[in-house]
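The next block holds one structure in the form of structure tokens; read it before the comments.
All values derive from a computational prediction rather than experimental measurement.
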Amino acid sequence: MTYCTKDGAESFILRAARDDDFCSVIDCLKEIYKGKYANKKVFEKDYLKNNKDISFFVAVDKDGKVVSTLGLAQPNLLSGTFELIMHTVREEYRHKGISIALVNYAMDAFQNQNCFSFCSRPVSATPASQRILERCGLSPTGFLFNIYDSKQAPTQDTVSQKQSFAVYAKKNKKKDAAKLFVCEGLSHFTKKIYASLGVDFEIITSAPEKQDETVLKDFYDEPHATLYIALEKCGGDLPDIIRNLQAAYGSHPLQSSIVYLNINHFGAIDGFSALCKLGYKFSGFSPLCKDGEYIIMFHPQNSKLNVSAIKTTPLLAEIWDEINVFDRGAK
């Protein structure tokens, strides 16, 4: 596909990356990320070229130079949603509309894949990235606080111990979020989020008096000292399980935890209450996944959240305000 700038002065080819693109892709990544990225292997040609979990798209100029990159990959623990990652544009090619064109091209290419939704996690200190996503039809749904060690991150935030990210989402094949079990205090915000995504849903604020055993998956990002837990079902054994997981991984001085709580399961209401009692804070939604709809909850553990580093667009600011209002009221 050919993309022409508004003034017609320049044109670029948008396409899936080819094997002979990856040296230029890495040059682009190094230029933008300054050699820093959550996964250092992205600067290795063989890793990118042979990675079957990431689909790469590029914009190239008339000389075949890669001027913009974008990857689509499924996040850890969350299936069916494809995340926009490694989205870069070389400095001299910015403000030409290439970024938005490449995002839309990649999402169009995946429309007929087994893709329930698209998501993105821009650094919460970069409103420019947030605006690009909003112009591409993604809606802000929450935050992932303190997930990357700032010393290993590409931004210039030297104050925060760990870097936080916004969460954006856009529906694709999934049009119905089904029953959402949330506490009464979250019902209004939940309606707001799912209405913005344009899907069907039903809010339920009371659960049947029965319990399952807890079912979860976990993933530990050792380089960044972040524990991720996906709670598919919540039972009475949940507090002990969470305490044990935190104890198993919690010795790092920057340790923090993220929980994805599946609110399609009736146990989510009691599970949410139990997590709040354990010190977890509500931080938004990770919606429209294959296996469920997820509330995001955050525990700083040994890390400290630097609120002053969070910069937002007006749309994302509304989400930030809703989260703060709820968490203050939940104390």
Please examine the side chains of [Y] and [X], heavy atoms only from C-beta on, and report whether any two atoms are closer than 4.5 Å.
X: Cys119; Y: Phe82; value: no
X: Glu91; Y: Glu31; value: yes
X: Val67; Y: Val89; value: no
X: Phe143; Y: Ile296; value: no
X: Ile193; Y: Ile319; value: yes
X: Asn172; Y: Phe118; value: yes
X: Asp7; Y: Lys96; value: no
X: Thr5; Y: Ile98; value: no

So, the side chain of [X] versus the backbone of [Y]: is there a donor-acceptor pair under 3.5 Å, distance only?
X: Asp21; Y: Arg18; result: yes
X: Thr126; Y: Val123; result: yes
X: Asn114; Y: Gly80; result: no
X: Thr81; Y: Cys289; result: no
X: Ser68; Y: Val58; result: no
X: Asp221; Y: Leu227; result: no
X: Asn146; Y: Lys304; result: yes
X: Asn302; Y: His252; result: yes
X: Lys171; Y: Gly198; result: yes

If every non-hydrogen atom of [X] is compared with every non-hydrogen atom of [Y], which pair is closest and at what distance?
X: Ile263; Y: Phe285; answer: CD1-CE2, 4.1 Å
X: His299; Y: Tyr280; answer: CB-CE2, 3.4 Å
X: Ser283; Y: Phe298; answer: OG-CB, 4.3 Å
X: Ala177; Y: Asn264; answer: O-ND2, 3.0 Å
X: Gln301; Y: Gln255; answer: CB-O, 3.2 Å
X: Thr88; Y: Cys28; answer: OG1-SG, 3.3 Å

Q: For side chain to side chain contact (heavy atoms under 4.5 Å, CB included), just list the numbers for Met1 and Arg15, CA-CA rounded to whole Å, side-chain angles, deciding distance to a tenth of an Å, and then say yes or no.
A: CA-CA 7 Å; Met1 173 182 169; Arg15 56 170 170 78; over 6 Å; no
Spell out, yes or no, whether [X] and [Y] are grouped together once hydrophobic residues are joined by side-chain heavy atoms under 4.5 Å, including indirect joins.
X: Leu316; Y: Leu197; value: yes
X: Leu144; Y: Tyr220; value: yes
X: Ile100; Y: Leu84; value: no
X: Tyr249; Y: Leu231; value: yes

Nearest 0.5 Å, what's the [atom1]-[atom2] distance between [X] and [Y]?
X: Glu10; Y: Lys62; atom1: CD; atom2: NZ; result: 9.0 Å
X: Ile295; Y: Ser286; atom1: CD1; atom2: OG; result: 11.5 Å
X: His265; Y: Leu180; atom1: NE2; atom2: CG; result: 14.0 Å
X: Met107; Y: Cys136; atom1: CE; atom2: SG; result: 5.0 Å

For [X] and [Y], which I'm curious about, is there any donor-acceptor pair between the side chains at under 3.5 Å?
X: Lys162; Y: Thr226; result: yes
X: Thr313; Y: Glu134; result: yes
X: Ser124; Y: Ser164; result: no
X: Glu232; Y: Tyr294; result: yes
X: Thr205; Y: Ser187; result: no
X: Thr69; Y: His87; result: no

Q: Please assess Thr2 against Phe12 for the test side chain to side chain contact (heavy atoms under 4.5 Å, CB included), listing each intermediate value before the final yes or no.
A: CA-CA 6 Å; Thr2 300; Phe12 303 87; over 6 Å; no
Q: Count the heavy atoms belonging to other residues, nucleotides or ligands that lie under 6.0 Å from CZ of Arg94, then report whether that count exceeds 12.
A: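 Counting neighbours around CZ of Arg94, more than 12 heavy atoms of other residues, nucleotides or ligands fall under 6.0 Å, so yes.
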[X] with [Y]: basic N within carboxylate O range, under 4.0 Å:
X: Lys192; Y: Glu322; result: yes
X: Glu293; Y: Lys179; result: no
X: Lys65; Y: Glu92; result: yes

Q.
Does Asp46 form a salt bridge (charged side-chain N to carboxylate O under 4.0 Å, His left out) with Lys49? I'd like the steps, not just the answer.
A. CA-CA 5 Å; Asp46 287 344; Lys49 180 179 175 181; 5.7 Å; no
Q: Before giving the answer on ring-ring contact (aromatic ring centres under 6.0 Å, His included), spell out for Phe165 and Tyr148 the whole-Å C-alpha distance, their side-chain angles and the decisive distance to 0.1 Å.
A: CA-CA 9 Å; Phe165 291 72; Tyr148 288 155; 5.1 Å; yes
Q | Test log, rule salt bridge (charged side-chain N to carboxylate O under 4.0 Å, His left out), inputs Lys233 and Glu213 | A | CA-CA 7 Å; Lys233 296 181 180 181; Glu213 290 186 354; over 6 Å; no
Q: Evaluate side chain to side chain contact (heavy atoms under 4.5 Å, CB included) for Arg90 paired with Asp27, printing each intermediate quantity in order.
A: CA-CA 10 Å; Arg90 292 183 188 269; Asp27 288 342; 3.7 Å; yes
(Q) Using the rule side-chain contact (heavy atoms from CB on, under 4.5 Å), only one of Leu261, Leu77, Ile258, Leu245 pairs with Ile229; which is it? (A) Leu245
Q) Among Phe326, Tyr194, Phe282, which residue meets the ring pair (Phe, Tyr, Trp, His ring centres under 6.0 Å) test with Phe189? A) Phe282
Q | Geometric class of the Tyr260/Tyr228 ring pair [parallel <30°, tilted 30-60°, perpendicular >60°] | A |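 The arrangement is parallel - the two ring planes meet at less than 30°.
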Q: Test side chain to side chain contact (heavy atoms under 4.5 Å, CB included) on Phe56 and Leu48 and set out the steps.
A: CA-CA 9 Å; Phe56 277 97; Leu48 295 184; 3.5 Å; yes
